[in-house]
There are 2 protein chains.
Amino acid sequence: MEYTKIRNMEEFASVSGLSRPTVSKYFHDPSSVRATTRARIEAALEEHDYRPNIFAMNQNRKLTKNVGILVPYLADPFFAEIARNIEQRCIDAGYSPTLYSSHGDPNLEREILENLRALKPAGALIAPLGRVSDNGAVASFCEDVPTVLFDSNLPDVGLAFIGSDNPQFSMLMVEYLSRTGEPPCFFEMKDPANPNANKRRQGYLDAMAQLGFEPTIVKVDGQGWSFEEIGRAGGIQTLEAGGFSTNTVLCSNDRLAIGLLTACYEKGLRVGRDADCELRVAGQDDHPFSRYTCPPLTTIAQDYDAMSRRAVKTLFDVVESGERSRPHETVLYEGRLIMRQSA
Amino acid sequence: MEYTKIRNMEEFASVSGLSRPTVSKYFHDPSSVRATTRARIEAALEEHDYRPNIFAMNQNRKLTKNVGILVPYLADPFFAEIARNIEQRCIDAGYSPTLYSSHGDPNLEREILENLRALKPAGALIAPLGRVSDNGAVASFCEDVPTVLFDSNLPDVGLAFIGSDNPQFSMLMVEYLSRTGEPPCFFEMKDPANPNANKRRQGYLDAMAQLGFEPTIVKVDGQGWSFEEIGRAGGIQTLEAGGFSTNTVLCSNDRLAIGLLTACYEKGLRVGRDADCELRVAGQDDHPFSRYTCPPLTTIAQDYDAMSRRAVKTLFDVVESGERSRPHETVLYEGRLIMRQSA
DNA sequence: AATAATTTTTTACGCGCGGAAAGTTTTGAG
DNA sequence: CTCAAAACTTTCCGCGCGTAAAAAATTATT
């Protein structure tokens with residue numbers, strides 16, 4: 001195969017019988033050279049498998065092909081899934097995405113943004129931690145780097161925010177639950193880090209008001225990203241303190257619901273919509289595991305395929321058009337009711 | 001703050017009243033310059049907040065501070081967790097880790113390794129896909145880049161393999177299960193991609209033989225990384241075909257077990273170790289979600305704290321000592337029995 | 001205070017590639 | 001076959017920094 005080790009583009013150009021600038025053009029855009037030239041380069045590529053030095057490429061280029069992707073917590077399968085989705089779309093668009101996770105830590109989030117700057121990315125797609133984020137740091141980053149926010153919004157920061165219509169989520173579920181049984185009470189964390197939680201609560205309140213029911217909100221203690229544990233501990237506590245005010249509970253998100261299901265199991269409470277069940281539990285997000293809980297969780301699915309597509313498209317539209325400033329855009333996707341056995 | 005925008009190290013050196021090589025030395029190792037010099041640089045740093053250009057730094061340096069981390073499937077919380085652990089340790093050691101996921105795809109795995117090469121990493125920590133990996137590609141990568149393998153082994157590839165003593169896992173669980181009830185049958189995928197699955201099966205067979213019981217292996221169809229779904233579908237099928245040969249099932253891993261629990265729920269089979277339960281189900285891995293299944297899953301915990309610590313230490317020992325070749329090392333950690341309600 | 005040891009400066013080159021300008025060859029339309 | 005457009009080659013310079021060698025300056029030692 002490779003008789004001679006190719007050390008740089010100069011050498012590679014010589015073995016392929018071309019000049020370096022032409023080869024350079026090829027790597028920048030294969031369609032920018034004549035078909036016969038392209039064929040010669042690609043033939044040489046098979047023989048010697050050379051790759052341009054990334055660092056040398058990027059240092060002297062105004063805009064790199066780097067893209068930063070930042071999620072608040074990668075150990076959450078929901079974010080792992082959406083990150084994967086976005087990552088793939090970036091690759092398909094010819095960019096080099098790099099994935100980062102804040103691991104729930106605002107300091108780490110700030111540090112990652114700082115390091116990201118050094119990579120001179122063409123753009124970034126970030127889901128901020130939310131309420132605990134260093135808003136100044138995020139906003140400052142967004143001024144220097146074209147950035148699309150997703151999942152969790154910071155008002156007027158970045159090019160755009162792509163997310164879910166959280167109030168609609170709760171409305172949809174409240175409507176379904178109260179149509180098929182008792183109206184739900186709402187189960188959430190006392191101090192949710194994610195701003196979506198507030199919108200979901202408000203959606204619940206609005207829906208209940210609209211349907212003429214009295215809302216009840218159960219707030220449980222807990223901090224951090226161990227939502228399942230918070231839901232379980234809070235569930236136990238609530239059940240021991242006399243239980244919920246109705247036989248139906250709408251959780252702020254699936255992970256809390258998963259914890260609540262565990263609590264119900266521990267307390268011997270049968271969950272589901274069958275006649276012999278004592279409680280209905282619903283979640284929101286369509287977390288990857290929600291289909292495998294016992295009983296499987298009724299929930300609202302986020303359309304993360306559409307969201308990731310839109311987020312990536314918005315970013316690259318701006319990056320590739322070179323626009324300096326465009327009006328901040330907000331796009332919200334509706335959720336879809338996923339009926340399973342838990343409610 | 002910054003009256004003058006610093007464009008490069010030359011300018012920064014001049015505003016701090018020093019020469020560029022001295023400043024360069026500082027960024028390479030702050031302790032390599034005199035304390036008074038260090039103070040001047042750091043004072044200037046506060047004023048102008050300059051950062052050396054990463055690409056320029058790396059292009060002309062034999063070894064970068066980059067470290068590649070590759071896991072087979074980041075949407076699996078187990079890998080997300082261990083990746084986070086490893087990532088943090090790399091940062092603490094002063095390196096810049098970059099996280100990648102093969103997403104279960106051997107082609108993507110090969111491509112990532114190729115891209116990783118271009119980053120001239122000082123080292124890499126990778127968990128190969130396993131049986132479906134392009135072994136040649138992985139081995140070739142390991143020859144060029146100091147690499148420690150974890151989770152899933154490829155014989156004699158890389159500097160070392162750090163993993164779990166999988167046969168011991170099964171032995172431990174078989175011993176526990178047969179001591180407290182009927183000996184288990186073994187539930188697994190027909191064609192497991194992960195080589196650990198084979199070791200766990202063998203551990204099961206050995207343990208059963210040692211204890212004088214007749215082993216039974218239930219193999220279920222399914223491919224890919226949707227283990228929960230494979231476990232659920234296989235579970236339904238097995239239960240409809242007459243059920244398991246004993247009232248105790250040891251699953252090859254927690255995710256299969258989670259799916260099996262769902263199948264049992266669908267079939268109305270009560271799982272647990274109480275008198276009124278019809279089946280005991282155990283897993284292996286201590287998956288983050290296993291504590292929240294209904295019933296909570298009895299399983300074997302991998303010591304991923306110890307594994308990640310050892311993997312990172314092994315890598316950096318080699319990288320920093322500059323050793324060319326050292327004997328391949330294999331380190332296996334024992335599992336710990338986590339008793340919950342499912343078995 | 002003189003000498004040795006350490007640190008810093010000066011100078012210079014190289015890394016691998018981007019990109020511009022001007023000249024040369026190839027291509028394709030008529 | 002002619003000629004202009006397109007593609008390619010040649011030649012340069014620059015990016016920001018690493019790094020080496022030698023000279024100069026600073027500190028430490030006796």
Side-chain angles (χ1 to χ4, degrees), chain A residues 4-45 48-66 94 96 115 117-120 122 322, chain B residues 4-45 48-66 96 115 117-122 322:
Chain A
T4 53
K5 294 285 172 189
I6 305 298
R7 306 205 159 278
N8 55 38
M9 194 181 281
E10 191 77 55
E11 285 186 24
F12 177 73
S14 105
V15 300
S16 53
L18 294 163
S19 70
R20 187 179 67 75
T22 303
V23 173
S24 175
K25 269 189 78 176
Y26 168 84
F27 282 112
H28 189 46
D29 174 12
S31 71
S32 69
V33 300
R34 206 184 299 148
T36 59
T37 309
R38 188 160 55 242
R40 288 168 71 182
I41 293 179
E42 274 154 10
L45 227 37
H48 304 275
D49 99 301
Y50 154 82
R51 308 188 57 138
N53 180 307
I54 292 187
F55 303 105
M57 286 180 65
N58 285 336
Q59 85 175 23
N60 196 20
R61 183 140 73 177
K62 68 238 92 227
L63 81 161
T64 68
K65 284 285 189 176
N66 296 333
S96 299
N115 288 332
R117 276 189 151 97
L119 290 178
K120 298 184 189 301
Chain B
T4 53
K5 293 286 174 190
I6 306 297
R7 305 205 159 278
N8 54 37
M9 195 181 280
E10 192 77 55
E11 284 187 24
F12 177 74
S14 104
V15 300
S16 53
L18 293 164
S19 71
R20 187 177 66 75
T22 302
V23 172
S24 175
K25 269 190 80 176
Y26 168 85
F27 281 112
H28 194 265
D29 174 12
S31 72
S32 69
V33 301
R34 205 186 299 149
T36 59
T37 308
R38 188 161 54 243
R40 288 167 72 183
I41 293 179
E42 274 154 9
L45 226 37
H48 303 277
D49 101 298
Y50 153 82
R51 308 184 56 139
N53 180 306
I54 291 187
F55 302 105
M57 288 180 64
N58 285 335
Q59 86 177 23
N60 196 19
R61 182 141 72 177
K62 68 235 87 232
L63 82 162
T64 67
K65 284 286 191 179
N66 296 333
S96 298
N115 288 333
R117 273 189 152 98
L119 290 178
K120 297 185 190 300

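So you know, we letter chains A, B, ... as the sequences are listed, proteins then strands, and number each from 1.
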Which side-chain N or O atoms in residues 32-39 of chain A pair as donor and acceptor under 3.5 Å with protein atoms at least two apart or in another chain?
residue : atom : partner : partner atom : Å
A:S32   : OG   : A:K25   : O            : 3.3
A:S32   : OG   : A:D29   : O            : 2.6
A:R38   : NH1  : A:P30   : O            : 3.0
A:R38   : NH1  : A:V33   : O            : 3.1

Rounded to whole Å, the CG-C1' distance (A:N58 to D:dG16) equals 13 Å

For A:F12, the ring pair (Phe, Tyr, Trp, His ring centres under 6.0 Å) test, sequence neighbours excluded, returns A:Y50

### Task
Indicate, with a heavy-atom threshold strictly under 4.0 Å, whether B:Y26 touches base, sugar-phosphate, or nothing.
nothing

Using a heavy-atom cut-off of 4.0 Å across all strands, would you classify A:F27 as base, sugar-phosphate, or nothing?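 Here A:F27 touches no strand at all.
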
_Closer than 3.5 angstrom, by distance alone: can the side chain of B:R51 be matched with the main-chain N or O of A:A118 as a donor-acceptor pair?_
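No; zero donor-acceptor contacts below 3.5 Å.
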
For B:F55, is there any backbone N or O sitting under 3.5 Å from a side-chain donor or acceptor partner on A:N58?
no

field: For B:N8, side chain to side chain donor-acceptor pair (under 3.5 Å) partners two or more places apart
entry: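 By the side chain to side chain donor-acceptor pair (under 3.5 Å) rule, B:N8 matches no residue at all.
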
Note: A:S16 and A:A44 closest approach over all heavy atoms is CB-CB, 3.5 Å

Of the non-hydrogen atoms in B:T64 and B:A122, which two are nearest, and what is the gap between them?
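So the minimum-distance heavy-atom pair works out to O-CB, 3.2 Å.
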
Under the salt bridge (charged side-chain N to carboxylate O under 4.0 Å, His left out) test, residues paired with A:R117 that sit two or more places apart
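Salt bridge (charged side-chain N to carboxylate O under 4.0 Å, His left out) check on A:R117 returns A:E114, A:D144.
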
Return the polar atom pairs (N/O with N/O) between nucleotides 3-5 of chain C and the protein under 3.5 Å, or none.
none

Scoring nucleotides 4-14 of chain D by protein non-hydrogen atoms under 4.0 Å (B base, S sugar-phosphate only, - none) yields ---SSBBBB-B

